[in-house]
Amino acid sequence: MCGIVAYVGPKDAAPILLEGLQRLEYRGYDSAGVVVSNKGLRMRKVKGRVADLAAVVPARFKGGLGIGHTRWATHGAPSDINAHPHLSGDERIAVVHNGIIENADELRAKLEADGAIFLSETDTEVLSHLIARTVKEADSLEEAVRTALKRVVGTYGIAVIDSERPGEVVVARNGSPIVLGIGEKEMFAASDVAALVRYTRQVVHLEDGEIAVLRADGFNTFASDARETAKETLTVDWEAGHYDTGGYEHYLLKEISEQPDTVARTLRGRLDDRFHIAHLGGLNMDARETRSFRRVKIIGCGSAYYSGQIGAQLIEELARIPADAEPASEFRYRSPVVEADTLYVAISQSGETYDTLAAVQELKRKGGRVLGIVNTVGSAIARECDGGVYLHAGPEVSVASTKAFTSTAVAFALLALHLGRVRDLSPADGRRICDGLRRLPDQIKEILALEPQIRELAGKYAESPSMMFVGRVRGYPVAREGAQKLKEISYVHAEAYPASELKHGPLALIGPDMPTVAIVPDDELLDKNLTTLGEIRARGGRVLMVGHRTTDPKLADDCVVVPKNETELDPILLSIPLQLFAYHAAVALERDVDKPRNLAKSVTVE
Ligand code: G6P
């Protein structure tokens, strides 16, 4: 969701803010703005992309203090006026905000009754007006922000500047991430380390309820009761280069192509050849505890949830523990029964998705044991969990998840191996899985080499108004993720169904205009799947089969053949052609591949 950047230091803030916003644009990209303080506040904000903003920020925008924002609209349509920053009526205070102020209407009515004139439809504008009122009586900007926030209900990550205090930025967080970046006689803040890595690797994460004051020579952090808090500095190992397209036309293609490496990184140092087990140092669980779980519940949103479905399958097959996955957003709202002998696993690439974070917090409140499978080190979800597995896949920039999806599935294979080997998974099966996991990176390279064929198929099928994706058991989450990829980046309507359910309803949709992508691995369900293909073809439906062999042209119009691994691990490989398929369909339809309409990378609002 929206991106925030703030700077205070000896350099001009504007170019640093614009550069930072560009790095954050994947989080939200319908409008953008910056404000710089230099004998008064100077602001530019526009509907559109950061590049549109950069075009209207004049070179004479001097000043070493500023804040910037890239927006994903919640209150009010994308427009110049609704773009952040928002100023107070006297133009003394400027605010940028991520999150949602739930009592904005009530506060707005009170402020209007008190004479405030609102320019935008946003919830954020109440903050600039509120702080403008508290700042007059406060001894510091930090105190003014703290006092104002006491009246606010909702979630926020904010950055605030006061034209009468040109040496400091105040930032605060409650539910939306804020990271401080420590430079040489300069300080940064952002909603995501992506905006900071060009300038510093030393970062400090704010906790919910904390406020920080940033000056060029350092920072102080305070709890909501104004007590000063002590913070730990983390060194991030993501490099600025990770945020470049690296010669690829899109981040998405770069991230798809990185998967031999990213999968290898998720596996690195975690497979043990002697006992055929997985070493997962971050679980913080001893063997007794590991054996004590009778159930595994996995939660996540979007692609994270679908990778969780693959994970549940792996855990049931390898560890023989009942496991299932559920969208975190649903889970948190249905008052789930939290059991002591259930292991909960939360999945999140960003580690910031609000629904997943809130579900973890609810679980913790009720005494649940929660592991995180997370990509972003030190993120809110990672910090909230009792232990977990980091993906080490490097930053994922494109909105549609690809390398984090496969790395999560690999992390689940490791977790399933770990849980299985302290229960009844045999050493021989442990070895089989370890060997299979090791083969993945080279097999992914083989799949990536199929790109020309998949590009051609994508061009052929992308003209269809709608597509069906089907798979059975292990193939079903693969079908769901394949449909998700296609719809989110190409806007072609795609539905995923268990192949077995097709005849119970959706078969009515099948016809020449509705081709089917069928996931058909060489497993014990092969014959059943081939029967389904026959049923589709008999109704005039075209079939693109993704599996381990070609088949009779009577059953499938086209086949993409991927290398076979161990049956349990096959879903990881079968997902990759579908990523390439969606990518090339989106390119053929001239979509904005990395920034699909209406979406954002990290959804930090409900
Ligand atoms: C958004 C993204 C999806 C992603 C989901 C969960 O909806 O567009 O690609 O799968 O959030 O994100 P997370 O960071 O928690 O994995």
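Order of listing sets the numbers, starting from 1, for every ligand and every atom in it. Treat the numbers as computed from the prediction; the structure is a model and nothing was measured.
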Residue and atom name of the nearest protein heavy atom (relative to atom 1 (C) of ligand 1), distance in Å to one decimal: Lys601 O, 3.5 Å
Asn375 side chain vs Gly394 backbone, donor-acceptor pair below 3.5 Å: yes
N/O donor-acceptor pair under 3.5 Å between His392 side chain and Ala264 backbone: no
Shortest protein heavy-atom distance from atom 9 (O) of ligand 1, along with the residue and atom involved: Val399 O, 3.1 Å
Parallel, tilted or perpendicular: ring planes of Tyr344 versus Phe331, cut at 30 and 60 degrees: tilted
Parallel, tilted or perpendicular: rings of Tyr156 and His97 (30°, 60°): tilted
Contacting atoms of ligand 1, where contact means under 4.0 angstrom from a heavy atom of Ser350: 13 (P), 14 (O), 15 (O)
Identity and distance of the protein heavy atom lying nearest atom 8 (O) of ligand 1: Ala600 O, 3.1 Å
Residue and atom name of the nearest protein heavy atom (relative to atom 6 (C) of ligand 1), distance in Å to one decimal: Cys301 O, 3.2 Å
salt_bridge(Lys297, Glu339) N-O dist < 4.0 Å: no
Atom 7 (O) of ligand 1: the protein heavy-atom neighbour that sits closest, reported with distance to 0.1 Å: Val603 CG2, 3.9 Å
Ligand-residue contact atoms, ligand 1 with Ala304, heavy atoms, under 4.0 Å: 10 (O), 16 (O)
Close approach, Thr356 and ligand 1, non-hydrogen under 4.0 angstrom: no
Check: Asp570 side chain, Asn565 main-chain N or O, donor-acceptor pair, under 3.5 Å: yes
Distance-only N or O hit between ligand 1 and Gly351, under 3.5 Å: no
Under the side chain to side chain donor-acceptor pair (under 3.5 Å) test, residues paired with Asp123 that sit two or more places apart: none
For Ser348, atoms of ligand 1 separated by under 4.0 Å from a heavy atom: 13 (P), 14 (O), 15 (O), 16 (O)
Face-on cation placement of Arg369 at Phe293 ring, 6.0 Å and 45° thresholds: no
Side-chain donor/acceptor of Glu210 to backbone N/O of Arg173, under 3.5 Å: no
Protein residue, atom and distance nearest to atom 12 (O) of ligand 1, heavy-atom basis: Thr353 OG1, 3.3 Å
Close-contact set for ligand 1 against Gln349 heavy atoms, below 4.0 Å: 13 (P), 14 (O), 15 (O), 16 (O)
For Ser303, the ligand 1 atoms whose distance to one of its heavy atoms is below 4.0 Å: 10 (O)
